[in-house]
S.K.: 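The structure's right below; bear with me while I get my questions together.
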Amino acid sequence: MRIVVLAGGIGGARFLRGLQQASPDADITVIGNTGDDIHLFGLKVCPDLDTVMYTLGGGINEEQGWGRTDETFHLKEELAAYGVGPEWFGLGDRDFATHIVRTQMLGAGYPLSAVTEALCDRWKPGVRLIPMSDDRVETHVAVTLPDSGERKVIHFQEYWVRLRASLAAEAVVPVGAEQAKPAPGVLEAIAEADVILFPPSNPVVSIGTILAVPGIREAIADAGVPVVGLSPIVGDAPVRGMADKVLAAVGVESTAAAVAEHYGSGLLDGWLVDTVDASAVARVESAGIRCRAVPLMMSDLDAAARMAREALTLAEEVRGA
Ligand code: FO1
């Protein structure tokens with residue numbers, strides 16, 4: 001079974017671990033979001049790619065869902081001692097090695113997809129991890145600063161990590177997406193997939209950014225195989241992160257049904273909502289998307305595996321319809 005998964009950060013990575021347990025023989029290709037990427041200290045940092053790679057490769061800081069386990073921050077402290085910031089982005093010593101190797105290889109002319117493959121040679125995540133594009137795409141967020149009333153566009157990481165999404169996101173812009181091309185292997189994987197899954201990643205800044213790369217949304221819509229998503233919103237609130245903040249920026253209410261409608265029946269064939277949102281099933285089905293209410297809290301690996309099995313079951317129901 002060839003499965004393609006569009007993944008962002010923490011939610012996507014945890015779901016993938018469940019999918020591997022639920023379908024151990026599947027050939028899984030992950031199309032990773034790179035809109036969260038940030039250049040710091042002369043290095044290219046790819047948070048969502050690294051979260052998938054570390055989580056599936058066994059190196060993730062489990063409670064954070066990002067960065068490395070057994071981490072130290074001497075390099076960061078030394079940089080701060082020189083007055084070199086930013087201090088608000090917690091890059092650890094072990095994590096720096098990944099960014100140094102990545103930046104070195106990019107500097108030598110390797111595309112991000114080849115670099116990611118090389119990094120995965122070490123981590124062996126058990127999936128093929130392809131960035132959505134080899135071209136630079138960086139999500140920026142428009143905010144109005146409270147004291148000055150000044151409107152500013154800031155990098156997604158500054159909005160997410162430094163500001164903790166404390167200001168309303170007035171616009172979310174994946175800068176460079178329009179000129180970006182799908183990375184080698186992305187469209188082929190979609191064309192050859194038996195099923196395509198949208199894990200409970202952020203529908204705007206993670207999955208939305210991947211879909212913003214010209215050609216990807218169309219390839220999925222035309223793939224002719226079941227496309228099934230899992231709601232990142234449970235009980236009108238994001239399970240994790242601050243998806244509601246960016247959903248508002250694109251005019252989507254923070255509900256399981258609204259996210260399904262946002263993706264649309266042209267893209268989604270099936271949608272899983274949590275049992276607390278069982279009342280949303282009828283609305284999603286009336287939008288032309290098959291919907292089931294199942295437990296969606298990824299409290300542990302077995303819970304994630306159950307969710308993955310539910311998604312694959314719904315995909316087969318859709319296929320048979
Ligand atoms: N998230 C935080 O909330 N605080 C941090 O200091 C932080 C540092 C960090 C360093 C490397 C990395 O790969 C991810 C990091 N993240 C941090 C998470 C990151 O902001 C998110 O994982 C994604 O960008 C959103 O999914």
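Atoms within a ligand are numbered from 1 in the order they appear, just like the ligands themselves.
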S.K.: Any carboxylate oxygen within less than 4.0 angstrom of a Lys/Arg side-chain nitrogen, looking at Arg136 and Glu138?
M.R.: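 Looking at Glu138 together with Arg136, the answer is yes, because their closest N to O distance falls below 4.0 Å.
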
S.K.: Among all residues two or more places apart in sequence or in another chain, which pass the side-chain contact (heavy atoms from CB on, under 4.5 Å) test with Ala249?
M.R.: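 Only Ala169, Val172 meet the side-chain contact (heavy atoms from CB on, under 4.5 Å) criterion with Ala249.
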
S.K.: Only one of Thr209, Thr34, Asn33, Asn202 forms a side chain to side chain donor-acceptor pair (under 3.5 Å) with Asp48, so which one is it?
M.R.: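 For Asp48, the side chain to side chain donor-acceptor pair (under 3.5 Å) check succeeds only for Asn33.
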
S.K.: So which residues, sorted by chain and number, lie with a heavy atom under 4.0 Å of ligand 1?
M.R.: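 Within 4.0 Å of ligand 1, the protein residues are Asp36, Pro47, Asp48, Trp66, Trp88, Phe89, Gly90, Leu91, Asp95, Phe156, Gln157, Trp160, Val161, Arg164.
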
S.K.: Please, which pairs that meet ring-ring contact (aromatic ring centres under 6.0 Å, His included) have at least one residue in residues 7-48, sequence neighbours excluded?
M.R.: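 Qualifying pairs, neighbours excluded: Phe41-Phe96.
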
S.K.: Any ring-ring contact (aromatic ring centres under 6.0 Å, His included) involving residues 172-216? Give me the pairs, sequence neighbours left out, ordered by first then second residue.
M.R.: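 For residues 172-216, and leaving out neighbouring residues, the ring-ring contact (aromatic ring centres under 6.0 Å, His included) pairs sorted by first residue read Phe198-Tyr263.
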
S.K.: Is it true that Asp194 and Arg2 make a salt bridge, defined as a side-chain N closer than 4.0 Å to a carboxylate O?
M.R.: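 Between Arg2 and Asp194 there is a salt bridge, with a charged N closer than 4.0 Å to a carboxylate O.
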
